[in-house]
Structures are given as structure tokens and as C-alpha cells.
Amino acid sequence: MAPPAMALQALTLTPLPSSRRRVRVRVLAVAADQTPPPPPVPPSEPANSPSRLLRELAQRKKAVSPKKKHPPRRFILKPPLDDERLTRRFLSSPQLSLKALPLLSSCLPSAPLSTVDRTWMDEYLLEAKQALGYPLAPSETLGEGDDCPARHFDVLLYLAFQHLDPSCERTRTRHVRNGHSRLWFLGQYVLELAFCEFFLQRYPRESPGPMRERVFALIGKKVLPKWLKAASLHNLVFLYDDLDKMIRKDREPPSKAVFWALFGAIYLCFGMPEVYRVLFEAFGMDPDDESCQPKLRRQLEDVDYVSVEFEKRQLTWQDVAAYRPPPDALFAHPRLFRACVPPGMHRFRGNIWDFDSRPKVMDTLGYPLPMNDRIPEITEARNIELGLGLQLCFLHPSKHKFEHPRFCFERLEYVGQKIQDLVLAERLLMKHLDAPGRWLAEKHRRMLMNKYCGRYLRDKHLHHYVIYGESVQDRFEHNRRLRNPSTTSVQQALHGLAYCVYGKPDVRRLMFEVFDFEQVQPKAV
């Protein structure tokens, strides 16, 4: 059969009556039959031969219908677990094994470790512990009873190194994946608070701006692969890749996740002093290194005194890590309080704010807290210092900063930001036992947005007591774009002061009872 020919057919127009106009028809396109002709059948091949049928089947297979899109696995409804299996799953979960350590138990894996997990621990865990400077004996032999946090270090250290690798089935299991992400969610805020406390005490006259630059230069995501390699841990993070030959987008996210998770595990098992030791000994960080110095800027002349313990010499990380407050100390963190509240604040005792505003602020915040002091003079001295700290929390930089750079809330605000991040992270971890770290990070970010922090302070009508400079007072009180960020700073400074004076429990009280960050308390009608 010959292929169809493309031809123009002549258009014959019937003669029209003279009463009508003659219409000229123009041909703009010609349709051609593009269907390929069927392959010629050899004359010797019968109609029902197998080769002919196979050839026709191959022709039909070339036109494949588009694949149907199936819903993602997370949207496919699964039958609920029956009561018996659900009870067995909860009772076998390591997260419910520790009643005395709720934060640590919330970061344990949600299911017992499998044989594959134990194999990795047997093969690589000794290398990790040796690089970090820990004894090679199993952590289960440390301490007495399950209530010793150090006994769970091996499990948490294993989870810290299990960054999500799409090609590895072991890191994609739920208990490993969630356990690792929950550890890095906690570890990032542990690192921020550790460096905040260290630099505030090491540089008692410096403003928080240069300190943030120092922290970023030490633990920014660009330099974290360098620290892992310095501690010989890069081979445990990238088992089959050469760190130096990897591109940034493949190298930095796993390094960041493992580094953060590592310090989450160390903080849970050994506390903040061990965080400092690993940072400055195992990883070899040097705060005086040339690459960690802040950029040069115009410095305001600081004519005020600093506390005596900062005058003699610059503190080292050993001083900060080994410091223990004396038994009759006024504050939970005495040296941090002295680093944030300058001694010259005593000149503000007895001013108008001290008489008029301080009692109202203290009444709203529930201060002073009842304390069991052996000597009444200690209680009185603490309350005096607390009043001066509150006045500093409400002292806007526009008032005295240019003549006295430390007479403003900036340093307390820096502490408050970091401690409120850590306190909320711990609370979210204990409330949502089965949530992955990314979900917790998003919830954390939404609850601590700056606009909310200032709003909770304004709901208590405390923004009326902020002390502004005379030249800008009218603008700040009537322009919300200026007022709202300043009230956020005051809110964070109050958290920093609560941490320095009464410790972390009082930050929890302010955040979740006084200011109700979770918005769960009933509103007044």
C-alpha cells in the first residue's frame, strides 16, 4: 500500500446569484496524515504468525500512558495500633524509662536500638570517645543507678553522629532520625548560651555587637567542617567521602547537624562545664585567633568601673568552666550578674524611677521571690541589687549610652535572648516526645518571634516604665515601629536578669506563668 500523498484539492465554487457578493475562499493550511503506515507484511508470513504479533505488541508499547501520581506515604492512612501493641510500644520506649531526668529521657530514642545500631556503636564509638577525650569504657558502667545522666552518653553520642543520609537505611529509621534531629535542636541553643556567658565575662566592657561577631566566627556553619577535622571526627561524619573534595552544600549541613547534636548530648550528660572543655580542648578553639576578631568600629569611651574580679586579668575558659558560686552568694550566677550590671548602677538608687516605678514593676513580676537565707542582710542586699537590675532592664540606650556605654539593657538583653531560647527548647522537647527536630524548630521560631515578646510585655502594661532619652521619648512612645522593638529588648533583658539573680527556674516562671508565652492561660474578659 502506497503512503498517502499530500495534495491540494481544487475548490470548485458554484456560481452565485448576482444579488450576492462573490466570496473568495483562501486556503491557509493543509492537514496531512502523519500516522506511520503499518510495517509491510512479508508475503510468506501468515496473518497469525508469532513474529508478527510480537512486532505489533512492540509498536503498541511505545505509546505508554502517563503514570498515575500516588499520594506521598505520609498521607496514606494507616490502621491505628490496637491497645495491646500501643501499650507495648510505650512501655518499651527508652523515653519513658527515666522519671528523675525528664529532659534527658525526652532526647533518648523512641524505640530500643536495633542490632544495626549496636553494630555501628561497636565499630566507631570508641574512636569518637577517644577524639573527645572520654574514657573508653561503656558508659553504662559510670555512676550508680539509671538516674546518673552519664550512663546514657553512649546512646546519645551514637545518635549525634547519625545525620540523615538518603542512601543509608539505618539513619532513615524513625527512632534514629528523630533522635538525631532533637539533639541538634537542643545543641544549637546550648552553644549560643555557652559562648554568650563566656564572652560577657571575658570582655566586661564590650557591647554585644562585637561578641556576636566573635561567636559567628567560631561556630558559623562555614567553619564547622574545619573543627570536625581538627578533632579527627570528620571520618565518622563522612564515612565514604573525602571532606576536602566535597562541595559546600554537601559538606556544611551534615557538619552543622552533627556538631550541634554533639553538644546537645554532652550538655544533657555532663552539663555546661564539659561543653567548654570539649570546645576549647578537643576542638581547639582559640578566642584570640585573628580570624575570630570583630571588625573595627568606633568605640565609645567607657569611663565606668568594672567589678573587681574582671579588673586584674582577662578570664579564660577554665575560669568560666570551673567557677562555682560560694554557698552564701547573693545570686544564682554572681559573676555573670557582675558582668552585666556595672557597679556604678548604685548611683541610681533613690531616684524617681526607684520610688515610683520599681514597686509596680516588682509587683507585676512577682518579685522579690521568697528565699531561705541564713542572714537577713543577704536577702536585703539581693533585693537592692535586684531593684538596680530592674532599673537597668528598663534603661533604653538613648538615655545614657553615649556617656556611659554600659548603662543600658544591651548586655542583659543578650543573656536573655539566649536563655529564653534554651528554656523554650527544653520545654518543647519535654512536651512533644515524638516530634522531630525540624518541627520543634519551626514551633520554637513561631513562639519567640520578636513581635510576640514585646506584645506580652505590653499586655502587662510594663512598657510605660521604659526610660528613654528626652530627645527621643515622644517618638518612641507614639511610634509603634520604634516602640515595639524596644519593648522586645526590655522583655529579653528581664529574662536575662531573672537568670542571673534566681537561675533558670525563674526564667521558666516569667515565660510561662507571668508572660504566658504558650498562650494557654485563660484571658481576662
Side-chain angles (χ1 to χ4, degrees), residues 100-104 107 128-137 139 142-144 147-157 160 183-184 186-204 211 214-215 218-219 227 230-231 233 259-288 307 309-310 313-327 329 331-340 414-415 418-419 421-423 425-426 429 496 499-505 507:
L101 303 167
L103 178 62
L104 189 147
C107 293
K129 293 171 82 169
Q130 186 173 12
L132 295 171
Y134 288 106
L136 302 184
S139 64
L142 302 175
E144 296 292 335
D147 291 344
C148 176
R151 293 176 68 91
H152 306 276
F153 183 58
D154 281 0
V155 175
L156 293 181
L157 188 60
L183 277 179
W184 67 244
L186 176 67
Q188 58 182 322
Y189 303 118
V190 170
L191 283 169
E192 290 281 348
L193 180 64
F195 276 112
C196 166
E197 293 188 21
F198 173 63
F199 283 132
L200 280 171
Q201 297 175 55
R202 184 175 172 86
Y203 304 106
M211 291 184 202
R214 295 176 192 273
V215 173
L218 281 172
I219 56 169
W227 295 125
L233 292 172
F259 193 84
W260 286 354
L262 199 57
F263 284 97
I266 293 170
Y267 170 74
L268 288 171
C269 294
F270 302 109
M272 198 62 90
E274 191 63 18
V275 169
Y276 287 115
R277 186 197 68 79
V278 175
L279 278 172
F280 294 104
E281 265 191 12
F283 287 103
M285 294 190 180
D286 182 13
D288 293 327
S307 190
E309 48 202 331
F310 304 122
R313 64 186 181 87
Q314 200 174 54
L315 297 183
T316 62
W317 71 264
Q318 290 95 337
D319 299 323
V320 177
Y323 178 73
R324 295 290 180 273
F331 314 112
H333 301 276
R335 199 156 65 185
L336 187 60
F337 180 89
R338 295 294 173 209
C340 296
Y414 186 32
V415 184
K418 306 310 174 189
I419 191 58
D421 281 343
L422 184 59
V423 164
E426 292 177 356
L429 283 168
Y499 177 63
C500 294
V501 176
Y502 293 111
K504 201 187 289 183
V507 182

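Computed over heavy atoms, backbone and side chain alike; hydrogens, waters and symmetry mates excluded. The structure presented is a predicted model; accordingly, all values stated were derived computationally and were not measured.
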Original post:
Given Val423 and Tyr189, is the side-chain contact (heavy atoms from CB on, under 4.5 Å) satisfied, shown in steps?
Top reply: CA-CA 9 Å; Val423 164; Tyr189 303 118; over 6 Å; no

Original post:
Could you give the distance from CG (Leu103) to CG (Leu429), rounded to the nearest 0.5 Å?
Top reply: 6.5 Å

**OP:** Taking the side chain as every heavy atom from C-beta outward, state whether Leu279 and Trp227 have any atom pair closer than 4.5 Å.
**Re:** no

**OP:** To the nearest 0.5 Å, tell me how far Leu142 CG sits from Cys148 SG.
**Re:** 6.5 Å

Subject >> Chi angles and distances behind the side-chain contact (heavy atoms from CB on, under 4.5 Å) call for Lys504, Leu422 >> reply: CA-CA 10 Å; Lys504 201 187 289 183; Leu422 184 59; 4.1 Å; yes

**OP:** Report the residues that fulfil side-chain contact (heavy atoms from CB on, under 4.5 Å) with Leu233, sequence neighbours left out, ordered by chain and then residue number.
**Re:** Ala128, Ala131, Leu132, Phe161, Leu228, Ala231, Leu236, Leu262, Phe283

Original post:
Could you state the interatomic distance from CD1 (Ile419) to NE2 (His333), rounded to the nearest 0.5 Å?
Top reply: 7.0 Å

Original post:
Does Phe270 reach the side chain of Val278, with side-chain heavy atoms less than 4.5 Å apart?
Top reply: no

**OP:** Would you please test Phe331 and Leu336 for side-chain contact (heavy atoms from CB on, under 4.5 Å) and show each step?
**Re:** CA-CA 9 Å; Phe331 314 112; Leu336 187 60; over 6 Å; no

Subject >> Interatomic distance, Arg335 atom CZ to Phe310 atom CZ [nearest 0.5 angstrom] >> reply: 6.5 Å

**OP:** Hey, could you give me the CD/NZ distance between Glu197 and Lys418, rounded to the nearest 0.5 Å?
**Re:** 12.0 Å

**OP:** Of all the heavy-atom pairs spanning Met285 and Phe280, show the shortest one and how long it is.
**Re:** O-CD2, 3.3 Å

**OP:** Taking all non-hydrogen atoms of both residues into account, name the closest pair between Cys107 and Leu186 and its distance.
**Re:** SG-CD2, 4.5 Å

Subject >> Salt bridge Lys129-Asp154, side-chain N to carboxylate O under 4.0 Å >> reply: yes

Subject >> Qualifying residues under side chain to side chain donor-acceptor pair (under 3.5 Å), relative to Arg151, sequence neighbours excluded >> reply: none

Original post:
Passes side-chain contact (heavy atoms from CB on, under 4.5 Å), Tyr414 versus Cys196? Steps please.
Top reply: CA-CA 7 Å; Tyr414 186 32; Cys196 166; 3.8 Å; yes

Original post:
Quick one: is the NZ or CZ of Arg214 closer than 6.0 Å to the six-membered ring centre of Tyr203, and within 45° of its axis?
Top reply: yes

Subject >> Thr316 versus Phe198, closest heavy-atom pair with distance >> reply: C-CE1, 3.8 Å

Subject >> Pro326: side-chain contact (heavy atoms from CB on, under 4.5 Å) partners, not counting sequence neighbours >> reply: Tyr323, Asp328, Ala329

Original post:
Between Arg202 and Leu315, what is the shortest heavy-atom contact and its length?
Top reply: NH1-O, 2.8 Å

**OP:** Rounded to the nearest 0.5 Å, what's the gap from CG on Leu191 to CH2 on Trp184? Could you check?
**Re:** 13.5 Å

Original post:
Between Pro273 and Arg324, is any pair of side-chain heavy atoms under 4.5 Å apart?
Top reply: yes

**OP:** Of all the heavy-atom pairs spanning Leu268 and Leu104, show the shortest one and how long it is.
**Re:** O-CD1, 3.4 Å

Original post:
Can you list the steps and then say if Phe263 with Tyr267 is a ring pair (Phe, Tyr, Trp, His ring centres under 6.0 Å)?
Top reply: CA-CA 6 Å; Phe263 284 97; Tyr267 170 74; over 10 Å; no

Subject >> Flag if over 12 foreign heavy atoms under 6.0 Å of CD, Gln130 >> reply: no

Original post:
Is there a side-chain contact between Arg277 and Trp317, using heavy atoms and a 4.5 Å cut-off?
Top reply: yes

**OP:** Kindly give the heavy-atom pair with the smallest separation between Ile266 and Phe153, and that separation in Å.
**Re:** CG1-CE1, 4.2 Å

